[in-house]
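First the structure, in the form of structure tokens, and then the observations on it.
Order of the sequence lines fixes the chain letters, A, B, ..., with proteins taken first and strands second; residue numbering starts at 1 for each chain. Just so we're clear, the structure is a prediction, and the values are computed from it rather than from any experiment.
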2 protein chains.
Amino acid sequence: MKYVSENNIFQEERREEILKILDKKNRISTNDLIEKFNTTAVTIRKDLAVLEKSGALKRTHGGAIKNNQLFRGLALTEKEKIFLDEKLRIVKEAAKLIKEGDTIILDSGSTTNLLAKEILNKKNITVITNALNIAVELINSNIEVILTGGNLFKDTLTLIGPLAETVLKRLSSGKLFLGTDGIDFEHGLTTPNINEASTTQTMINVSGEIILLADESKFGRRSLAVISKIEKLDKIITTKKMTDTELSMYEKLGVKITTV
Amino acid sequence: MKYVSENNIFQEERREEILKILDKKNRISTNDLIEKFNTTAVTIRKDLAVLEKSGALKRTHGGAIKNNQLFRGLALTEKEKIFLDEKLRIVKEAAKLIKEGDTIILDSGSTTNLLAKEILNKKNITVITNALNIAVELINSNIEVILTGGNLFKDTLTLIGPLAETVLKRLSSGKLFLGTDGIDFEHGLTTPNINEASTTQTMINVSGEIILLADESKFGRRSLAVISKIEKLDKIITTKKMTDTELSMYEKLGVKITTV
DNA sequence: GTTTACTTTCGTTTACTTTCGTTTTGCAAT
DNA sequence: ATTGCAAAACGAAAGTAAACGAAAGTAAAC
């Protein structure tokens with residue numbers, strides 16, 4: 001029999017290791033774990049049961065799969081992951097627009113979050129944001145971070161409300177990088193949260209160049225709250241291949257399209 | 001038997017050494033520590049228990065592993081840990097002052113950070129703070145969190161500067177819980193950071209009752225930047241046992257002293 | 001209906017907690 | 001100085017809890 005001291009690994013470590021594997025591979029079989037940790041099925045199953053109860057993974061017959069809800073703030077949802085490659089192409093393009101000495105606003109959202117990761121090693125940049133996870137992501141780099149204040153929303157770790165707008169109104173930014181839930185010729189940019197829409201509007205008002213980051217899935221979609229009309233935008237970076245008709249419509253509104 | 005003087009190592013040194021090992025190796029077993037320090041399991045476990053309570057590591061069955069804290073700021077520094085027990089007594093007393101329905105401001109600092117942990121299960125409270133780690137600590141409870149905006153300081157994860165003050169000026173709070181670096185009859189409350197002093201002043205201006213949390217080590221100390229005179233305070237919760245002379249001096253200034 | 005995976009129960013081993021007594025130290029009164 | 005007292009550090013011992021796996025029974029997959 002193997003007990004903690006004789007063995008070379010603590011229970012806690014084994015469980016952390018299981019989560020790490022899941023983080024990389026998304027799935028893991030009980031048998032693989034038995035072999036890896038040189039232990040029995042009972043032990044592994046107990047680990048999986050505990051980890052499932054804590055919400056860290058989801059058990060299946062034969063093993064376990066990733067549970068996406070663990071990192072609500074930072075991680076992407078399943079839906080968002082489908083478009084991860086698209087988003088990555090978009091943010092790489094967006095990062096090119098950020099030059100030394102720039103002051104930019106990063107709106108909260110999964111795509112702008114990725115953009116934050118992308119600009120980590122740029123120097124002499126000031127980032128204004130209302131997203132706590134973006135702020136935390138950037139703070140260990142050489143980037144100066146300004147957080148808007150406001151009411152902290154639990155689900156998205158985002159600061160919104162009148163206080164956020166008060167702060168934004170006292171600032172001025174060269175470029176604004178914006179996410180959106182939906183973009184539509186008739187309704188413009190929309191988002192599910194009314195308060196968020198208002199805060200985003202303020203961001204638009206204090207920024208020079210407005211750049212929308214929108215993967216293909218966002219087009220033609222419409223949510224509850226209107227953020228702004230399309231003509232407020234200066235640029236859209238997207239993965240959607242536009243038809244000539246569409247391109248000319250955007251051109252008329254003064255919006256430049258970059259497809260990546 | 002080996003006691004401090006006969007032995008070649010002090011308790012404090014042993015604990016620091018444990019942390020150093022963890023810093024390098026990420027894990028350590030109780031048995032290894034027993035051997036290394038030539039002591040008993042009880043002693044080692046007491047050390048680990050204390051270090052875990054201070055947030056420096058995470059105990060496991062069989063030893064301890066590194067505490068992978070998301071926010072470095074959350075952990076107390078070695079210096080701060082020395083006064084941990086004092087601080088805990090102070091925050092327990094302070095927590096009694098916070099009632100359902102209250103709106104309070106928590107200044108940034110190690111003691112107020114502990115206070116945040118202490119009030120986690122209170123309900124229907126609104127907390128205004130400029131400390132990111134306090135905000136993150138509280139957000140998963142039922143407490144409404146308002147963050148001041150401002151420039152994010154890397155070392156302390158604190159929001160300070162004119163923007164923070166702009167937000168604070170638009171708010172009003174029943175009670176302010178304040179930490180300080182030094183308190184002194186001649187110079188009042190002082191702190192090493194000039195910008196922070198200004199933000200704290202604003203907190204004082206928008207709050208009803210000003211409550212200072214100060215362990216014994218803070219008295220008679222003086223830092224660079226002055227926050228306010230002592231008479232601005234309504235209450236000091238401290239571990240320092242005051243002499244009658246001191247008590248009457250504070251009384252003259254209208255400051256109530258609670259010694260815990 | 002067979003195979004494989006899983007759950008539950010139980011016993012063993014190791015680790016942990018608690019209680020209590022001893023030694024040392026710091027502090028204060030004389 | 002010295003004496004007396006309280007607190008801290010440590011460890012021994014006894015009791016408690018956790019980790020693990022074997023075995024037997026149950027559920028799921030195909």
Between A/R59 and C/dT7, is there a contact of a side-chain N or O with OP1 or OP2 at under 4.0 Å? yes

Return the value, rounded to whole Å, for the distance between atom CD of B/Q11 and atom P of D/dA7. 17 Å

Is B/K218 salt-bridged to B/D181, going by a charged N under 4.0 Å from an acidic O? no

Return the pairing partner of C/dT12 with a 3.5 Å limit on both distances, Watson-Crick or G-U wobble; otherwise return none. D/dA19

Ring centres of B/Y250 and B/F185 under 6.0 Å apart? yes

Whole-Å distance, A/R45 CZ to D/dT26 P, equals 17 Å

Is the distance from OP1 or OP2 of C/dT4 to the nearest side-chain N or O of A/N31 less than 4.0 Å? no

Can you check whether A/T40 has a side-chain N or O nearer than 4.0 Å to OP1 or OP2 of D/dA22? no

Starting at the 5' end of DNA chain D, which residue's closest nucleotide do you reach first, A/H61 or A/K46? A/K46

Nearest-Å distance, CG (A/D47) to P (C/dA5)? 18 Å

note: B/N38, atom CG; D/dG11, atom C1'; distance rounded to Å ~ 13 Å

Nearest-Å distance, CD (B/E13) to C1' (D/dA9)? 14 Å

Distance alone, cut at 3.5 Å: any donor-acceptor contact between the side chains of B/E144 and B/T126? no

From CD1 of B/I44 over to C1' of C/dT17, roughly how many Å is that when rounded to an integer? 16 Å

So which one's nearest nucleotide on DNA chain D is more toward 5', B/T43 or A/A41? B/T43

Can you see if the side chain of B/R14 gets near the phosphate of D/dC10 - specifically, an N or O under 4.0 Å from OP1 or OP2? yes

At under 4.0 Å, does any side-chain N or O of B/T39 touch on OP1 or OP2 of D/dC10? no

Checking A/T191 against A/N193: is there a side-chain donor and acceptor pair closer than 3.5 Å? no

